[in-house]
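Predicted model, so just to flag it, every value in this text is computed and none were measured. Per chain, numbering begins at 1; letters A, B, ... match sequence-line order.
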Amino acid sequence: MNQSFGKEYKLCRRKLIDGVFKTGKVIKQYPFVVHFLEVDEKLEAPFQVTISAPKRNFRKAHDRNRIKRLMRETIRFNKMILEDKISKSQKNIIMFMVYTSREEIPFTTLMKKNELLFEQIIKNIE
RNA sequence: AAGGCAAACUAGUUUAUCGCCGUCUCGAUUUAUCGGGAGGGAGGAAAGUCUGGGCAGUAUAGAGCACCGUACUUCUUAACGGGAAGGUCUCGAUUUAUCGGGAACAGAAAGUGCCGCAGAAAGGAAAACUACCCUGAACUUGUUGAAGGGAAAAGGUGAAAAGGCGAGGUAAGAGCUCACCGUGCUUGUGGUGACACAAGUUGCAAGGUAAACCUUACGGACUGAAAGACCAUGUAAACCAAGGCUUGAGGGUUGCUCGCCCAAUCUUGGAGGGUAGGUCGAUAGAGCCCAUGAGCGAUUGUGGGCCUAGAUAAAUGAUAAACGCUUUAAAGUAAUUUAGAGAACAGAACCCGGCUUAUGGUUUGCCUUUUUU
């Protein structure tokens, strides 16, 4: 089982990010808010995601790094949920994830929340 | 034992599983990817962006004014507003001469401004409220004290009242005179110097404030890695129209003035193309460690060794276990055992030198307080 989660999963093309916000859908699963969109373009990875921890909630750079690392770890563990679905269809998914809580939440609960979130995305696409 | 100050060190360790970002290397082929291996991967402040440089671009023909910064001395350094050593003033402690702090520590005899309240008077060679002295008026002849003058010694106000204190002197007083002290000036000696010490003086006739303007001395081009260079893409300093031509439009030269340089490269409008990617800059440096020489020290000479993060919506993480540390509770005379909890401040973004701020722990030195012997 390939659990790697490298550079190719990063969404950093400005046009795609603008597209996610203009035409994508929104799902809230506290503490996450995700904007996502199905695209026909061929990407380097099955899905691409941008992770964001707002400066408004975490003033210190050290805290923002901590939150983003935890989020990346949860996505890495749960990515098979999305990849199974995507491998059946020909489309790719791009996402913009925002962490909305003002405090750090334990890793185990973040895992469950993230799992729920990805299942909701799949239902929504279907 | 607790608290405070200063200095130094440290910033949990190991293993397993799954991952992240570079570097080197091997193999495979579809020549651009895949797979394997080796090795590296945040800090003492990476922070604040307060300073000094390097580096890069623009410009180099300068001068004056303006503006900004610094301000005891000597040294140190690439440089500094940093650091070292020292001087002066000042605060605290006592062991009275030492120790430990602090200082926006140049100039008030160039000029201007300001000094609230209180007080008679607050800067003008000023000022007389009480009380003092002299002259002197009135009458009740020992009282009241008009008026004029003297006087800064006493009281009172104030942060500050015009050198301090004592003696002489005087109507009462006054540096008016004298001794001592303080302070200014001159000379000499010592010191690289800031200054110190000594002697003299027919100076004391006059405050503070420059963290008010100001004066003096010294220094200062501007911008900032989103700098900048190259590659890729695009006909793009391209195209169309109008105005403007050597009798000088316009541009550059720090903000202004003068001066200087370039000189039709210009101005306005219209229509319209494309990028927002990559490589370098960018990690071998005023570098770090060790030894040794010079110096009180900051620092520096010489020799040897080492290579030590380079990301770019931004890498160093997650989970589990063990050990170590701190702490709480229980058991025990004690060593200790068991169980629980905790581990700070904080994330490189071109690179260095400093400063400042945040912060867990350990050690050493000094000081204070309390308890026991």
> For B/rG22, is chi within 90° of 0 (syn) or not (anti)?
syn
> If we call it a pair only when both distances are under 3.5 Å in a Watson-Crick or G-U wobble match, what pairs with B/rG332?
none
> Which base, if any, makes a Watson-Crick or G-U wobble pair with B/rG295, both distances under 3.5 Å?
none
> With C1' as the reference atom in both, quote the distance from B/rU157 to B/rA127 in angstrom, rounded to an integer.
14 Å
> Does A/M97 reach the side chain of A/L117, with side-chain heavy atoms less than 4.5 Å apart?
yes
> Where does B/rA45 fall, syn or anti, if syn means a chi angle no more than 90° from 0?
anti
> Between A/E115 and A/K112, is there a salt bridge with N-O shorter than 4.0 Å?
no
> Rounded to whole Å, how long is the line connecting atom CZ of A/R59 with atom P of B/rA346?
8 Å
> Out of curiosity, A/I27 CD1 to A/N124 CG, how far, rounded to the nearest 0.5 Å?
4.5 Å
> Between B/rG347 and B/rG44, how many Å separate the two C1' atoms, rounded to a whole number?
13 Å
> Output the rounded distance in Å from CE (A/M111) to P (B/rA320).
11 Å
> Any strand counts, and the cut-off is 3.5 Å on both contacts for Watson-Crick or G-U wobble. Which nucleotide pairs with B/rA263?
none
> Taking atom P in both B/rG175 and B/rU170, what distance in whole Å separates the two?
16 Å
> Please pick, from B/rA348, B/rA346, B/rG317, the nucleotide with the shortest atom-to-atom distance to any side-chain atom of A/K60.
B/rA346
> Nearest heavy atom decides the nucleotide; on that basis, is A/L70 or A/A61 closer to the 5' end of RNA chain B?
A/L70
> Would you say B/rC20 has OP1 or OP2 under 4.0 Å from some side-chain N or O of A/R69?
no
> With rounding to whole Å, what would you report as the distance between B/rG228 and B/rU253 at their P atoms?
16 Å
> Among the nucleotides B/rU316, B/rU319, B/rA42, which one has an atom lying closest to any side-chain atom of A/F107?
B/rU319
> Using a cut-off of 4.0 Å on non-hydrogen atoms, how would the nucleic acid contact of A/R64 be classed: base, sugar-phosphate, or nothing?
nothing
> Could you give the CG-to-P distance, from A/N65 to B/rA46, as a whole number of Å?
18 Å
> If I pick the C1' atom on B/rU363 and the same atom on B/rU98, what distance separates them, to the nearest angstrom?
29 Å
> How far does CG of A/N57 sit from CG of A/D63, to the nearest 0.5 angstrom?
11.0 Å
> Please give the nucleotide sitting opposite B/rG269 as a Watson-Crick or G-U wobble pair, both distances under 3.5 Å, or none.
B/rC240
> B/rG107 pairs with which nucleotide, Watson-Crick or G-U wobble, both distances below 3.5 Å?
B/rC214
> Which label fits B/rU308, syn or anti, where anti is any glycosidic angle not within 90° of 0?
syn
> Measuring from the side chain of A/H62 (C-beta onward, heavy atoms only), which nucleotide among B/rA313, B/rG347, B/rA315 has the closest atom?
B/rG347
> Between atom CG of A/N114 and atom OG1 of A/T109, what is the distance when rounded to the nearest 0.5 Å?
11.0 Å
> When you check the glycosidic angle of B/rU143, does it come out syn, meaning within 90° of 0, or anti?
anti
> To the nearest Å, how far apart are A/I67 CD1 and B/rA314 P?
15 Å
> For the side chain of A/R76 and the base of B/rC18, is some donor closer than 3.5 Å to an acceptor across the two?
yes
> If you define the side chain from C-beta out and look only at heavy atoms, does anything of A/F118 sit under 4.5 Å from A/I75?
yes
> Who does B/rG317 pair with, Watson-Crick or G-U, both distances under 3.5 Å?
B/rC18
> Relative to each other, are the rings of A/F58 and A/Y99 parallel, tilted or perpendicular (30° and 60° limits)?
tilted
> If we only count heavy atoms from C-beta on, is the A/M95 to A/I121 side-chain gap below 4.5 Å?
yes
> On RNA chain B, compare the nucleotides closest to A/T108 and A/K68; which residue's is nearer the 5' end?
A/K68
> Just the rounded figure in Å: distance from P of B/rU319 to CG of A/N114.
15 Å
> Which part of the nucleic acid, if any, lies within reach of A/I51 when heavy atoms closer than 4.0 Å are counted: base, sugar-phosphate only, or nothing?
nothing
> Between B/rG82 and B/rG303, how many Å separate the two C1' atoms, rounded to a whole number?
31 Å
> Taking the P atom in each of B/rA160 and B/rG184, what is the distance between them to the nearest angstrom?
23 Å
> In Watson-Crick or G-U wobble terms, both distances under 3.5 Å, what is the partner of B/rC67?
B/rG220
> Could you measure between the two P atoms, the one in B/rC355 and the one in B/rA85, and give it in whole Å?
15 Å
> Quick one: look up who B/rA42 pairs with, Watson-Crick or G-U, both distances under 3.5 Å, and put none if it's unpaired.
none
> Report the glycosidic orientation of B/rG44: syn if within 90° of 0, anti in every other case.
syn
